[in-house]
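Heads up, the thing below is written out as structure tokens.
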Protein chains: 2
Amino acid sequence: MAAGERSRATLNAVARQANVSRQTVSNVINFPERVSEETRLRVLAAIEDLGYRPHRAARQLRTSRSQVIGLRVWPPGDGLSGVVLDHFLHSLTASAEQHDHHVMLFTAADDEAEMAAYADLTATVGVDAFVLTHTHHDDQRIRWLAEHRLPFATFGRPWGSQVSYPWVDVDGAAGTRLATEHLLRRGHQVIGFVGWPPGSGVGEDRRAGWLSTLDSAGIGHRPEAAVFDGAEGGRVAAARLLDGDHPPTAFVCASDSLAVGVVTELRERGRHPGADASVIGFDDTPAAGVLGLSSIAQPIAEVAAECVRHLRAVLDGETPTPLSSLLPPRLVLRQT
Amino acid sequence: MAAGERSRATLNAVARQANVSRQTVSNVINFPERVSEETRLRVLAAIEDLGYRPHRAARQLRTSRSQVIGLRVWPPGDGLSGVVLDHFLHSLTASAEQHDHHVMLFTAADDEAEMAAYADLTATVGVDAFVLTHTHHDDQRIRWLAEHRLPFATFGRPWGSQVSYPWVDVDGAAGTRLATEHLLRRGHQVIGFVGWPPGSGVGEDRRAGWLSTLDSAGIGHRPEAAVFDGAEGGRVAAARLLDGDHPPTAFVCASDSLAVGVVTELRERGRHPGADASVIGFDDTPAAGVLGLSSIAQPIAEVAAECVRHLRAVLDGETPTPLSSLLPPRLVLRQT
DNA sequence: GGGTGTAATTTGAACGATCAAAGTGACATC
DNA sequence: GATGTCACTTTGATCGTTCAAATTACACCC
């Protein structure tokens, strides 16, 4: 390495050095099997010698492949859930790098703006594919991308859509099932659920795991409350359940944020979470770690890796198999 | 818009449509003053008509400017502080977009790997500039970038470095000064500081504001403790102060994480934060909002905007004026 | 000896933009 | 009427790579 210092080495420079044509050098890089072993080694030596690195823009101009994956970043303020995306961002970048791709960010005020950004980024930057988060019911973005034949994968399953496309998601029901089963084993008889107001697919999913577990355990009391999002919502919901006919001794929550509220309410009433009551949150945010809150952790790194796997398949003109992945979360036990 | 559908419109297509040469179209976009008003309008109409968008890769190949800003993403697990970066990421992307730039992410295991990534990204992708976070004492990355003449700006001041380069930072001392002054106004006589173990520039900075404020207020008792990072560290530190000779009635903390620990310890002792004791954290993380913790908020959006302003100046061959920006944080008051 | 096939390599053109230099008129100047 | 100047516009070359087609070398066969 280290010879052509000031200006980058080009394919031609390597070719001269190795006494072959540019195309042969190109072949060594892209189709090694087309080149004889002897010249291959000679060219590789020259590449090493000059510190040659292919120029992506030039390659893109010819192949119309940028090796860039677009990802929308969201404004902070989703309560604690932003941390999950933060983690996802890092994992996605790492996974992409393993396959010589890069993640490029963009912002958008709403779905409409996001679709405009798709058009813009594919036209100007030549972004190869997109990863979508925050999928929701009747998501126009998916329709748009499908219509425009743009490769994409989503972190979030198709809530109520019939279109078939590559997606990756975490099995929320399996998560709350894990939590509920754990609480049952610990001897709890009345296990409450604190969730979000109905309407969100994610919320229904997480509730379902708790419900079905109690169901198959033959537990009749299934107190639940869903007031509004956030810690204050969790507090109010917990208060309602504790004042109800069958006050729970354990709580499964749809988010860490809600769980923090439940813990606060318990403390307020002189109960010690972990000792005389149990609380389990969802998402395993740093706040959970800081407060000693047990929580359900999503396998974010795996989600990111799956997204990249799906995209690579689509970009290679194949259909990813399986087309979708529903990954199991795991339970992280702490004091509560 | 909407005419050349399948394949993107090129400069040549627009030229044909407007009955001019490619170069004239290029001039309309890049140097409008070189073109007569009449043809300018005609060309703009053609651009609109064909929905033309310039192809960045082609432009980059000729100008060696990619309009891409590189940013290293860090693995989560910095406690709560990751959220600040999350916010920064979003703001930086938004600021970059306003000037037709894009943010590209990369990962690195350590500073060494980060420098290798600089080399790689500039050679292959042609990244124009980098934004650095987590600057620290004797930061090799800065030396590397300066030596290689690569444009960059840092979020974080040059701790102990004598090299002069564009940086943006938040005035931590001003933050703790705000907090301490507020607590003095509320009538507190003994205000403690809970910080990190010595050695971190950020930590010293935040401590300095608290100390100097008490100093100029003529307050003699200045109890402080710094055990280790995280909520547990905050608890232990608070316990030590409360058991000391001059137990504080108010606490200024170097992070929200530490503040959470202080609040926990106070509750443990039957004290109600907000009523008989005050606690102020730092960074205004979502956890602070959720727990009702007062905190010092960094003006992240402004930091990002300044970084972009600096980079643009450097990329235009100018020296940013001022070369560095030290922005004031603000105090967010909640229950505690 | 000449045709045929195959593997390895080279050559010319192209991707879509910008740079540098040259070309075109209109009008003023001597 | 030749020359110069100015504002505007066009032409040719180029950035670094890959595609498609052409070329070379050599072994094989009748």
Side-chain angles (χ1 to χ4, degrees), chain A residues 4 6-44 46-47 50-68 100 122-128, chain B residues 4 6-44 46-47 50-68 100 120-128:
Chain A
R6 199 67 254 143
S7 58
R8 313 181 343 81
T10 73
L11 212 52
N12 261 315
V14 176
R16 254 195 311 279
Q17 168 103 354
N19 234 321
V20 293
S21 70
R22 16 172 238 298
Q23 185 60 40
T24 298
V25 180
S26 173
N27 284 337
V28 167
I29 295 168
N30 300 308
F31 307 93
E33 73 278 8
R34 291 188 189 164
V35 175
S36 78
E37 183 67 6
E38 189 200 333
T39 51
R40 216 192 89 241
L41 293 175
R42 189 150 36 93
V43 168
L44 285 177
I47 287 175
L50 299 176
Y52 169 76
R53 316 274 6 240
H55 192 294
R56 290 291 253 283
R59 175 178 289 179
Q60 182 189 344
L61 189 56
R62 198 68 244 262
T63 63
S64 49
R65 281 295 198 83
S66 64
Q67 318 266 86
V68 170
D100 212 23
T122 44
T124 60
V125 180
V127 167
D128 281 347
Chain B
R6 200 67 254 143
S7 59
R8 313 182 342 81
T10 73
L11 211 54
N12 261 315
V14 175
R16 254 195 312 279
Q17 168 102 354
N19 234 322
V20 292
S21 69
R22 359 173 254 298
Q23 186 60 38
T24 298
V25 180
S26 173
N27 284 338
V28 168
I29 295 168
N30 299 307
F31 307 93
E33 71 279 8
R34 290 188 190 163
V35 175
S36 77
E37 184 66 6
E38 189 200 331
T39 50
R40 217 193 87 240
L41 293 175
R42 189 150 38 92
V43 168
L44 285 178
I47 287 176
L50 299 176
Y52 169 76
R53 317 274 8 242
H55 193 293
R56 291 289 254 283
R59 175 179 289 180
Q60 181 188 346
L61 188 55
R62 196 70 243 265
T63 63
S64 49
R65 281 295 198 83
S66 64
Q67 317 267 86
V68 170
D100 211 23
D120 203 81
L121 285 171
T122 44
T124 60
V125 181
V127 166
D128 281 346

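Here the structure is a predicted model, which is why all the values come from computation and not from measurement.
- Distances from the side chain of B:V35 to the nucleotides C:dG16, D:dT9, D:dT10 place D:dT9 closest.
- Using a 4.0 Å heavy-atom cutoff across all strands shown, B:S64 reaches no nucleic acid atom at all.
- In this structure, of D:dT10, C:dA17, D:dT18, it is D:dT18 that holds the atom nearest to the side chain of A:R22.
- Proximity of A:D100 to A:R56: side-chain heavy atoms (C-beta onward) are separated by under 4.5 Å at one or more points.
- With hydrogens and angles left out, the side chain of B:Q23 and the base of C:dC19 share a donor-acceptor pair within 3.5 Å.
- When rounded to the nearest whole Å, the span between CG of B:N27 and P of D:dT9 equals 9 Å.
- We find the CG-CZ distance between A:L11 and A:R22 to be 8.0 Å, quoted to the nearest 0.5 Å.
- In this structure, CG of A:N12 is placed 13 Å from C1' of D:dT18, rounded to the nearest angstrom.
- Rounded to whole Å, atom P of C:dC15 lies 19 Å from atom CD of B:Q60.
- For A:R8 and D:dT17, the CZ to C1' distance is 11 Å, given to the nearest whole Å.
- Listed candidates were D:dC15, D:dT11, C:dA13. Nearest to the side chain of B:L61 is D:dC15.
- For the pair A:F31 CZ and C:dA8 P, the computed distance is 15 Å after rounding to whole Å.
- Distance A:R56 CZ to C:dA17 C1': 20 Å, rounded to the nearest Å.
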Exercise for the section: Please step through side-chain contact (heavy atoms from CB on, under 4.5 Å) for the pair A:V20 and A:V43, ending with a clear verdict. Expected result: CA-CA 8 Å; A:V20 293; A:V43 168; 3.9 Å; yes
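- With hydrogens and angles ignored, a donor-acceptor pair closer than 3.5 Å exists between the side chain of B:R62 and the base of C:dT18.
- Nearest to the side-chain atoms of B:H55 among the listed nucleotides C:dT18, D:dT18, C:dG16 stands C:dG16.
- Listed nucleotides: C:dA17, C:dT11, D:dT17. Nearest to the side chain of B:R59: C:dA17.
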Practice task
Please step through side-chain contact (heavy atoms from CB on, under 4.5 Å) for the pair A:V68 and A:D128, ending with a clear verdict.
Solution key: CA-CA 6 Å; A:V68 170; A:D128 281 347; 5.8 Å; no
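- Comparing A:R40 and B:V25 along DNA chain C, the residue whose closest nucleotide (by nearest heavy atom) sits nearer the 5' end is A:R40.
- In this structure, A:Y52 atom OH and D:dG16 atom C1' are separated by 7 Å, rounded to whole Å.
- Protein atom CZ of A:R65 is 19 Å distant from nucleotide atom P of C:dC15, rounded to whole Å.
- Within 4.0 Å (heavy atoms only), B:T24 reaches at least one base atom of the nucleic acid.
- Residue contacts for A:S36: at a heavy-atom cut-off of 4.0 Å it reaches the sugar-phosphate backbone alone, with no base atom in range.
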